[in-house]
There are 4 protein chains.
Amino acid sequence: MAKSPLVVTDVPRGAGRPRSDAVRAAVLAAAYGLLLETPLGGFSIEAVALRAGVARTTIYRWWPTKGLLAIESFLDGFKPKLSYTAGDDPEKAFRKLLASLARALSGPDGRVAASVVAQAQSDPETQRIFREQFSDPLRVETSKLIEAGIAQGRFRADLDVPRVIDAAVGAIYLRLLLGQTLDARWADSLADMLLGGMVTR
Amino acid sequence: MAKSPLVVTDVPRGAGRPRSDAVRAAVLAAAYGLLLETPLGGFSIEAVALRAGVARTTIYRWWPTKGLLAIESFLDGFKPKLSYTAGDDPEKAFRKLLASLARALSGPDGRVAASVVAQAQSDPETQRIFREQFSDPLRVETSKLIEAGIAQGRFRADLDVPRVIDAAVGAIYLRLLLGQTLDARWADSLADMLLGGMVTR
Amino acid sequence: MAKSPLVVTDVPRGAGRPRSDAVRAAVLAAAYGLLLETPLGGFSIEAVALRAGVARTTIYRWWPTKGLLAIESFLDGFKPKLSYTAGDDPEKAFRKLLASLARALSGPDGRVAASVVAQAQSDPETQRIFREQFSDPLRVETSKLIEAGIAQGRFRADLDVPRVIDAAVGAIYLRLLLGQTLDARWADSLADMLLGGMVTR
Amino acid sequence: MAKSPLVVTDVPRGAGRPRSDAVRAAVLAAAYGLLLETPLGGFSIEAVALRAGVARTTIYRWWPTKGLLAIESFLDGFKPKLSYTAGDDPEKAFRKLLASLARALSGPDGRVAASVVAQAQSDPETQRIFREQFSDPLRVETSKLIEAGIAQGRFRADLDVPRVIDAAVGAIYLRLLLGQTLDARWADSLADMLLGGMVTR
DNA sequence: CTCTAATCGAGACGGTACGTCTAGTCTTAGT
DNA sequence: ACTAAGACTAGACGTACCGTCTCGATTAGAG
C-alpha cells in the first residue's frame, strides 16, 4: 500500500524522525471504525485520536480537514468485492455488477460511504477526491464491461454508456442515502429495467 | 400553506400566549437563507437565531434537532416549478419533467437540497421526513405521468415504473451530490437513454 | 397571621377576584420546603411554582424578587422556640437563650437561615427585611432579658448590652455560616465566656 | 506567592505546554474585580472570562466551580493589614487587632468577603477552604496574641480563648453580613465589652 | 343577575449563563 | 523532524431559569 494516495510524500527525505506508518494505519483504522460504528455524527478528530491512541496534533499534521481524513479512511478500508468479470454473457455481467455494488453498500460499510458523501457536501475538496478516487474508477470499469457487450453486438450500438452508469449508480446511491433497503431483488429489478433499453432486438 | 406540514397543530387552542407565526416564518426564512449562502457547514442554530432576530431557546422549543429545522425550512422554501403537465405526448412530458427537476436542483436551491440530504445521514428522523414529505410525493406525481403514457400505449405495458423513477431521480441526485453540473443537455441525454427502454416499438 | 408583614395590602378593596390565600400559603410552604431540602442553590422560582402547583406568573405578581420570596417564607416558616423566660436567675436565662438559639439553628432550619443570609448578600432589600423583621426583634427580646439582670444587680451596671448581643449572636451565626456544629456544649462555653465579663463581683 | 494555595502542583513537570501563569493571574484579578464592583450577584464565569480576556473553557479547566474561583481570587487578592504586633500591652494589642479587622472588612473588600461566605452556603468545598485557608489562620494568630497576654498575667488564666475569638470575629462578621457599618468606634466598644471579662482584677 | 375587574393558570418569547464538547493552534519534552 | 502531552482560543451545543408578555378561564363584588 502506498503511503497515501491523496498527499504527495515524495519529498527527498531529509533528517529527523521519519513518519510512523504504524500511526498512519492506526488513525485510518480508528477513523473507519468510528464511521462504521457511530453513524450518528459521532465522528470527531478527538474521538479518532482517542481510539487510535494517538495525539490529536499528529492527526492535524497529516490530515488538514475532517473530510479528508474520512475519505482517506474510506478509500483505505472500503474494498468492495465488485464483479467486473465480463464473461461471455454481458447481460449477466451487468446484472452481477449491479448486485455486487448494491450488496457492498447495503451493510455497515454502506453507511460509511453515505457519511463520506455527506461530509463531501460541506467540503469541495473531499467531494473532488471521492469523485476522482472512488467514483470515476468504478465508472471506468463499468464502462469497459458495457462496451464489451456492445462490441459483442449484445447491447445497442448507439447506447449512451455514461448515462446508463449515471442511472444505475445513481439509483443505488439514492436508496442508500434515503435509508432504504438495498437487497438483491431490488438490484435485479433495476437491472431488468435498464437492460430493457440496452439490449438489441 | 398550513401552519406546519410536520407537526399536527389542530389542538383546540388552549390557554397561554399563542405561538407567534412571525417568529416561525422568520426562523424558517433565516434557516433557508443560511443553507443557501453558507454551503460549507455554517448552518448552526446559533447563526439561524442571530439572523432571524430570535432567541435561541425559541428555536429549541419548536425544532428538537438541527436536521428537523433544516428540512422544515427546505420544505417551506423549496418550491420547484416541476412540469407535471402530461399533455398528449408522454415522451415530451417525461423529458420536460426531468429537465425541470434538473434545473430546479442546478441552482443554489440545489445546494440546499444536498445539505438536507447530508444532514439526513446523521439523523434518521430527518431522513424519514425528507422521504415522506418531499421524495415520495414527487415520485407519485412522476408515476402518474408515466402511467398515463402506458395507458396511451406509448410506453411499454410491462414497464417497471418505480425502477424508472429510481434511475431518473437517482441519476439527478448523484450528479448533485458529486458537485457536477446539471444542465439541460445532460438531462436530455438521460431522458433519451431511459426512453430508449421505455417506448414501445 | 396577617396577610403579609412585608407588603402593604390596605388597598380599599375594589371589585374583582380577591387574592387566594391558599395560593399564598402553598407558595410559602413550597419555598420553605425547597430551602430546607435543597441547600445547594436549588432554590428557583421555577421549582417553587412546580412544587406549589402554581403558575410562575402568580409568584412574580406577589414577590418581586427571589430574595423577598425566600425571606418571607423564612419568616413564615421559621418559628424557633426561643427561651425568653427571665425567671429569677438572669445567668441561667441568658445561658438558656443562647442554647435555644443554637439548637434552633443547628438543624435543617438553620440551613434555611444561612441561605437567606446568603441571598441577602446580593439584595439589600432582603438584607434590610431580615434585619428588621428577624434580627432586630430577637435583639430587643434579648436586651430585655439582659437588662432585667442588670436591674436585679446581677449583671454589671455599665454593661454594653448591644455589644454583648453582637458577640453572642455573631458567634452563633459565624459557626452556622462556616458549617460548624452548633451543639449545646459549645453554646454553654460561649455563655460562660461572656458571663465572665458580665456578672458583678 | 506560590502557584496556588489550593492545588498541589509539585508534579515533576511532564510533557505538554506548561500552564500560563499570566492567564491564572488575569483570571484571579478579573474575578476579584468583579466581586468588588458588582455586589449584586453579577459574578459569573462568563463575565470573569470576558474581563480577563480568556476563554471560558480555560477557567473551567482550572476551577471546577464558581465558588472555588471566588475563594481563590479572594485569598489571592484580599490581604488585610492585620495588626498582630503583641507589644507589651496585650489590651492595646487586642483592641488594635479588632480595629484592623473591622477596618479591613468595612471597605469594598469586605463585600468580597461577604460574597465568598454567601457562595460558601451552597458549596461545602468552598466553605471548607474558606475555613481552612482564611478563617483558621486568622484564629491561630489571634490565639497567640491573647495567650501572650495570659502569659504576662494580664488576661485571666482560665480564659476560654477560642470562645473569645468566636465572639469577636463573629460579631464583626455579623455586622458585615447584615450590611451595618463597621467603624472604629463600634470595634472599640466591642473590644471594651470583651476585655471586661478578660482582664484580671 | 348580569357586568366587571382582578386573579390564576398556561405557555410563548427574548435573554443570560451554565457546563460540555470539539475544532484548531501553540508550546513544551521526549524519541 | 517527528510523536506525545497538554494548555490555550474560539464557538456551538442543549439545558435551566429568568422576567415579561399575552391569552383564556375563574370568581367575587358592584350595579
Side-chain angles (χ1 to χ4, degrees), chain A residues 11 13-20 22-23 41-49 53-62 64-66, chain B residues 12-24 41-50 52-62 64-66, chain C residues 11 13-20 22-24 42-50 53-62 64-66, chain D residues 12-24 41-50 53-62 64-66:
Chain A
V11 256
R13 184 70 185 85
R17 178 173 174 176
R19 176 171 180 188
S20 159
V23 163
F43 181 72
S44 64
I45 303 254
E46 194 100 15
V48 173
V54 148
R56 224 148 34 85
T57 335
T58 303
I59 297 184
Y60 282 113
R61 198 191 323 278
W62 300 108
T65 72
K66 212 159 56 153
Chain B
R13 179 70 186 81
R17 177 174 174 176
R19 176 172 181 187
S20 160
D21 247 332
V23 162
R24 181 178 175 273
F43 182 72
S44 63
I45 303 245
E46 192 101 15
V48 173
L50 189 68
V54 148
R56 215 150 44 84
T57 35
T58 301
I59 298 185
Y60 282 113
R61 196 190 330 276
W62 300 109
T65 70
K66 218 158 49 156
Chain C
V11 257
R13 184 70 187 86
R17 178 175 175 175
R19 175 173 182 186
S20 159
V23 162
R24 180 178 176 275
F43 181 72
S44 64
I45 303 256
E46 194 100 15
V48 173
L50 188 68
V54 148
R56 221 148 37 84
T57 338
T58 303
I59 298 184
Y60 281 113
R61 198 191 324 277
W62 302 108
T65 71
K66 213 159 53 154
Chain D
R13 180 73 185 82
R17 177 173 174 175
R19 176 172 181 185
S20 160
D21 247 333
V23 162
R24 181 180 175 273
F43 182 72
S44 65
I45 303 248
E46 193 102 14
V48 173
L50 188 68
V54 148
R56 219 148 41 84
T57 33
T58 301
I59 298 185
Y60 283 112
R61 195 191 329 278
W62 300 108
T65 71
K66 218 160 44 158

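Lettering of chains follows the sequences in order, A, B, ..., and the numbering in each one begins at 1. Just so you know, these numbers use all the heavy atoms, side chains as well, and skip hydrogens, waters and symmetry mates.
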From the candidates E:dG14, E:dG9, F:dT3, the one with an atom nearest any side-chain atom of C:Val54 is E:dG9
[X] [atom1] to [N] [atom2], straight-line distance once rounded to whole Å:
X	N	atom1	atom2	value
C:Ile59	E:dG9	CD1	P	9 Å
C:Arg19	E:dG9	CZ	P	12 Å
B:Leu50	F:dA12	CG	C1'	13 Å
B:Asp21	E:dA12	CG	C1'	13 Å
C:Arg61	F:dG19	CZ	P	16 Å

Would you say a side-chain N or O of C:Trp62 is under 4.0 Å from OP1 or OP2 of E:dC8? yes
CD1 on B:Ile45 to NZ on B:Lys66, rounded to 0.5 Å: 7.0 Å
side-chain hydrogen bond (donor to acceptor under 3.5 Å, both in side chains) with A:Ser44: which residues, sequence neighbours excluded? none
Who passes side-chain hydrogen bond (donor to acceptor under 3.5 Å, both in side chains) against B:Thr65, sequence neighbours left out? B:Asp123
Contacts of C:Thr57 meeting side-chain contact (heavy atoms from CB on, under 4.5 Å) (sequence neighbours excluded), chain-then-number -> C:Ala55
Hits for side-chain contact (heavy atoms from CB on, under 4.5 Å) against B:Ala52, two or more places apart or cross-chain, chain-then-number order -> B:Ala26, B:Val27, B:Ala30, B:Val54
For a quick check of understanding: with a heavy-atom distance under 4.0 Å over all strands, which category does D:Thr58 fall into, base, sugar-phosphate or nothing? base
Regarding C:Gly53, tell me which of base, sugar-phosphate or nothing describes its non-hydrogen contacts under 4.0 Å with the strands shown. sugar-phosphate
Nearest atoms (heavy-atom pairs only) where C:Arg19 meets C:Trp62: NH1-CE3, 3.3 Å
Please produce a list of atom pairs where a protein N or O lies less than 3.5 Å from an N or O of nucleotides 19-23 of chain E.
unit_1, atom_1, unit_2, atom_2, d
E:dG19, OP2, D:Tyr60, OH, 3.2
E:dG19, N7, D:Arg56, NH1, 3.0
E:dG19, O6, D:Arg56, NH2, 3.1
E:dA23, OP1, A:Ile45, N, 3.0
E:dA23, OP2, A:Ile45, N, 2.9
E:dA23, OP2, A:Glu46, N, 2.9

Taking donor-acceptor contacts at under 3.5 Å, does the side chain of D:Arg17 reach the base of E:dT27? no
